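Have a look at the structure below, then the notes.
Atoms within a ligand are numbered from 1 in the order they appear, just like the ligands themselves. Please read all numbers here as calculations on a predicted model, not as lab measurements. By convention here, the first residue in the shown sequence is residue 1. These numbers come from the heavy atoms of this one structure, side chains and all, not from hydrogens, waters or symmetry mates.
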Amino acid sequence: MPLLDDIEPLKLTALAELAAAPDLAALEQTKGAWLGGNGRFTALMKQLGSLPKEEKPAAGKLINLAKQEIEAALLHRREALEFAAALPQEPTDFTVPGRRRILGKLHPLTQVTDDIVRAFRKIGFAVADGPELEDEYHCFDALNTPADHPARDAQDTFYVASPERPLLRTHTSSVQIRVMKSQVPPVRIIVPGRVYRRDNADATHNPTFHQIEGLYVDKKVTVGDLKGTVEFVFRELMGSDVKIRFRPHYFSYTEPSYEIDFTNALVKKMGKDWLEIAGCGMVHPGVFENVGYDPAVWTGWAFGFGIERIAMLRYGINDIRLFYENDVRFLRQF
Ligand code: DAH
């Protein structure tokens, strides 16, 4: 029967033409040529009417199956062509440099923080993070800071009016506790972050500023490691003429504790011999007990310093408030 014998070869030709369509426009044309009102396949279906009644069901079924195949091939080819059209026309060179920042630059505090982090990364420190809204346990109790310590006074710290007395962290030392509670030693971290104190803003104070905390816990860690580390980082940051010295001090979470003084040509130029730059010490055994580290096995040191202080020194800035005013005449200089 001529009609039935036509179906298969016509279908194969249609499939071949669809698969060969070079682009979407050509595909739509091919579609019209086969399935449009005057299309070749449409014509075949029209002939169905002229068949004898008993042949119609079998022929109709065959034609429908063929039509479904053609429509599936059409969709398939359209998807492939659309995908190809969405690809870049030029080949991509993955070695070209990334797009440059054409506007603005990093805030000086961000630049200094990045430099400090880079220096510590060189000697194996990882960056850790913690919440700015803290609780008294992580900010004070776990750091052996007793209830009558002035740092806990409502006059000195921002508390949130809520029964659990959450507070804005007064130092990044709270993150020491969080890190030690969440991992086993050895620990070698730094924590850059924002801290808060109830200070009135003046040339050297602001109610919020930034610190970097450091914590190193391992076996047989010494004050010598602490001094060598601090010296390395400050020389990376401020030049090889940097000298540091440790002065005995008191912090409740370290024993012994020190303040770190710093000097270089810049400090001398300011007419000073030394500048106080950080607090530090050997982690107090009580702190290790609070986080579940055995103080007979583990030793460690910690430090904390203010980022603004270092940035002011580095760039010769005499008023801390300049950092927060976002005056572009100031910011453009860095
Ligand atoms: N938390 C202290 C501050 O805000 C700085 C500090 C001192 C951090 C001694 C320490 C440390 O980790 O051991 O002034």
For ring pair (Phe, Tyr, Trp, His ring centres under 6.0 Å), just list the numbers for His171 and Tyr253, CA-CA rounded to whole Å, side-chain angles, deciding distance to a tenth of an Å, and then say yes or no.
CA-CA 13 Å; His171 52 186; Tyr253 31 96; 5.7 Å; yes
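Between Asp135 and Arg178 there is a salt bridge, with a side-chain nitrogen of the basic residue lying less than 4.0 Å from a carboxylate oxygen of the acidic one. With respect to the salt-bridge test (charged N to carboxylate O, under 4.0 angstrom), the residues Asp115 and Arg314 qualify.
Partners of Gln183 under the side-chain hydrogen bond (donor to acceptor under 3.5 Å, both in side chains) rule, at least two apart in sequence or in another chain, do not exist in this structure.
A cation-pi geometry, defined here as NZ or CZ lying under 6.0 Å from the six-membered ring centre and within 45° of its normal, does not hold between Lys243 and Phe262.
Protein residues with a heavy atom under 4.0 Å from ligand 1 are His171, Ser173, Gln176, Arg197, Gln211, Glu213, Phe251, Tyr253, Thr254, Gly279, Cys280, Gly281, Ala302, Phe303, Gly304.
Within a 6.0 Å radius of CG in Asp153, other residues, nucleotides and ligands contribute more than 12 heavy atoms.
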